[in-house]
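First comes the structure, then the notes that go with it.
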Amino acid sequence: DSEETILPVDYNGYPLHITGGSGNYSFTIENPSLIDYFNSRVQTYKEGTSIIHAYDRRINKYHATSTVIVSKIEFIDIEME
């Protein structure tokens, strides 16, 4: 199963952490026009959904994915008590 994260548009610096494996990873982004990954951080550009794939360079069978949904805030709900 893929982890899922929702981030705002034009967000810079969301940290990406991986647990397990050798510690030596390569990454691919399915839709690089929406998000980018650099120096363990995710940058968002516009609305949509993308998937980050992390591959362990030393243990070939280790692979993880994370779905990133980039969205604008639709509304704010304030409740008075």
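Atom CG of residue Leu16 and atom OG1 of residue Thr5 lie 8.5 Å apart, to the nearest 0.5 angstrom.
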Determine all donor-acceptor pairs shorter than 3.5 Å in which one atom belongs to a side chain in residues 49-56; sequence neighbours excluded.
from	atom 1	to	atom 2	distance (Å)
Ser50	OG	Asn31	N	3.1
His53	ND1	His63	NE2	3.0
His53	NE2	Glu30	OE2	2.7
Asp56	OD1	Ser22	OG	2.7
Asp56	OD1	Arg58	N	2.8
Asp56	OD1	Ile59	N	2.9
Asp56	OD2	Ser22	N	2.6
Asp56	OD2	Ser22	OG	3.2

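Glu47 approaches Leu34 most closely through the heavy-atom pair O-CD2, 3.1 Å. Across every non-hydrogen atom of Lys46 and Val9, the tightest pair is CA-CG1, 4.0 Å.
Residues forming a side chain to side chain contact (heavy atoms under 4.5 Å, CB included) with Arg41 (at least two apart in sequence, or on another chain): Pro15.
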Steps toward side chain to side chain contact (heavy atoms under 4.5 Å, CB included) verdict (Tyr37, Val68) = CA-CA 11 Å; Tyr37 172 80; Val68 178; over 6 Å; no

- Message: One pair to check against side chain to side chain contact (heavy atoms under 4.5 Å, CB included): Ile29 and Ile35. What are the steps and the verdict?
- Response: CA-CA 8 Å; Ile29 307 290; Ile35 65 171; 3.6 Å; yes

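Using a 4.5 Å heavy-atom cutoff, the side chains of Tyr11 and Val42 are not in contact. At a threshold of 4.5 Å between non-hydrogen side-chain atoms, the residues Glu4 and Ile69 count as touching. For the pair His17 and Ser40, the minimum side-chain heavy-atom distance is 4.5 Å or more.
By the neighbour-count criterion of 12 heavy atoms within 6.0 Å, atom OH of Tyr45 is densely surrounded, having more than that number from other residues, nucleotides or ligands.
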